[in-house]
Every structure is written in C-alpha cells, then in structure tokens.
Asks: 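Got a structure for you, questions after.
Bear in mind that the values here come from a model prediction, so they are computed numbers and not experimental data.
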Amino acid sequence: MSYAIFRVEPINKLKDLGQIGAHNTRTKEAYKSNPDIDKSKSINNISLVPITHKDYYTSYMNLVKDYKKQHDEKQKIERENRKKTFSQMLDDSNSVVADELLFTSDKEFFKDMTRNEIIKWAECCMDFVYEDIGYDKWQILNATIHMDEKTPHIHCVVVPLIKKYDKRTNTERYTISKKHYIRDKIHLSELQDKYHKRLTDKGYDLERGIKGSDRKHIKIKEYKRNNRELEQKINVKSDRLTKEFEELDKKMEEIT
C-alpha cells in the first residue's frame, strides 16, 4: 500500500534558502551529494508556482519588501548597539525564514500515471496548501514537481509573512510567523489527516501513515543515502548468491 506523504522542513537562514533554491530550480552545475538526480530529465520538471525573479533570494526579498521597509524605518530610531540589518534580523529570529513543504508517495503510486495525471495530483496538493493550511498564492515563493529523480515529488516553499496587531504601537505590523499556519506537532498531525482525506476524497488509494509514530524523522538526503546503501548491500549479497549457485551447478555437472 502506498502512503500519502506530507512533510515540513524549516528554512532557518537566508543562506539555506539560497542553497535550497539552487537545488529546486536545478541551477547547480553538479549534484554529487544526490546521484538520484538525472539532469538530462530536468527539462521535464514542472513549475506549479514559478519564482518571480532570477533566484530564491531575489524573489524572497521582493516578496518581503514591505516588511523590510518597516524594519528599516524602525532602525532609524533604534539605539546604535541594537541596530541590525534586515538580513541579520531574519537570521537571528526565533521564527523561520521560510518553510519547505514536501509532497510525494512511492514508485508504485506513480507507476502508471501520465504527466497530466501527475499534474492533477499536484494541483490537489496545492489546493491543500491554500485551503487547509491557509496560504495565499502570493506567499508561495516557488512550487515545483521534480520529475528527474526516481519518484515524482513536490517542493513547495512558503513564506509565512503576515500582518499582526502590535500592542506597543497600536498598529498592524508585518512579521514572519510559522505558528500562524502550523502551530505545533499536534496541529501538523491534524493537517496530515486533512491532507490524506483530501486525496482519498479525490479517489487516490493511499494510506495515511502511522499516527503518533516515535520513529526518528530523517531528512530527505539522509533517507536517499540510506536507500542507496541498502541497495548496494542487497546487490552484493545477490551477486554472492548467484556466484554460489553457479559453483554448485558446476559441481553437479562434474558429479553427473
């Protein structure tokens, strides 16, 4: 049985955002850390929400320009020893810079799907982002279906930029608040329930997964590396077994 996979990866620094952008838009020259990527197939990747500028950083700064303007105005009256640039403030914040949402399943789920059917599945995932999590399209920095790896999957980078009432100034002010959209682990589990229901309501035969599992969550790179190591071990054992059978066959031939 295939599973409905929805995960959230925090992006805590602007530097990380730039690296993730280079990965998602396939602008890196080489992907030695991820041999699953077949660059010859990258032309088949599907942009659901394209970036607005040349890269993630520039697109991000354009998206948060009003927030930056607000910050720069505040710095004019800030004490000298407490002044920070906008980038420093973002990196030092307790909140994230952005969140990366990942949607996928296994090979079996995608096996007989056409390109249009994969897009239809992806649109269902994006409806979940808009209608269940609550993001508006302008808050989506980029959303892409990667078709150049072993299994299709969506990377959707969201910026939880909101306006929030500030008691000190008695005004609404910009801030970045992940908790406005995903409050905690319990809320995330509830969202995963909603994601699973949305897909099954559309006719996709998928399992929700194990609720409340205490299994350690591993990042995508680590998961792929573990899979490759396991495949190598299986191949070595398979080759060894094949060799033993061949030697046994030779012995049987000598006996007969």
Asks: Let me see the working for R208 and T200 under side-chain contact (heavy atoms from CB on, under 4.5 Å), right down to the final yes or no.
Replies: CA-CA 9 Å; R208 179 340 186 150; T200 54; over 6 Å; no
Asks: Tell me, which pairs form a salt bridge (Lys or Arg N to Asp or Glu O under 4.0 Å) where one or both residues lie in residues 112-127, sequence neighbours left out?
Replies: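 Those involving residues 112-127 do not exist here.
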Asks: Which residue pairs pass the side-chain hydrogen bond (donor to acceptor under 3.5 Å, both in side chains) test when at least one of the two sits in residues 93-104, sequence neighbours left out?
Replies: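 Qualifying pairs: N24-E100, D99-K178, E100-H155.
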Asks: So which pairs with a foot in residues 163-190 pass ring-ring contact (aromatic ring centres under 6.0 Å, His included), sequence neighbours left out?
Replies: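 Pairs touching residues 163-190 that pass the test: Y135-Y181.
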Asks: For D91, is there any backbone N or O sitting under 3.5 Å from a side-chain donor or acceptor partner on N12?
Replies: no
Asks: Can you pull out every salt bridge (Lys or Arg N to Asp or Glu O under 4.0 Å) where at least one residue sits in residues 12-24? Sequence neighbours excluded, please.
Replies: none
Asks: Given the rule that I, L, V, M, F, W and Y join up when any side-chain heavy atoms are under 4.5 Å apart, are V8 and I145 in one cluster?
Replies: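 The answer is yes; both residues are in one hydrophobic cluster.
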Asks: By the salt bridge (Lys or Arg N to Asp or Glu O under 4.0 Å) test, which pairs, at least two apart or in different chains, include something from residues 52-71?
Replies: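 Every salt bridge (Lys or Arg N to Asp or Glu O under 4.0 Å) pair that includes a residue of residues 52-71, provided the two are not neighbours, is K68-D72.
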Asks: Any side-chain heavy atom of E9 within less than 4.5 Å of one from L102?
Replies: no
Asks: Please check if atom CG in D205 has more than 12 non-hydrogen atoms from other residues, nucleotides or ligands closer than 6.0 Å.
Replies: no
Asks: Keeping to residues at least two apart or across chains, list the ring-ring contact (aromatic ring centres under 6.0 Å, His included) pairs with something in residues 67-96.
Replies: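 Applying ring-ring contact (aromatic ring centres under 6.0 Å, His included) to every pair that reaches into residues 67-96, excluding sequence neighbours, yields Y67-F86, H71-F86.
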Asks: Distance only, no hydrogens: is a donor on one side chain within 3.5 Å (strictly under) of an acceptor on the other, for Y195 and D132?
Replies: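 No, D132 and Y195 have no side-chain donor paired with an acceptor closer than 3.5 Å.
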Asks: Applying the 4.5 Å side-chain criterion to the ILVMFWY set and letting contacts propagate, would I20 and L101 be lumped into a single cluster?
Replies: no
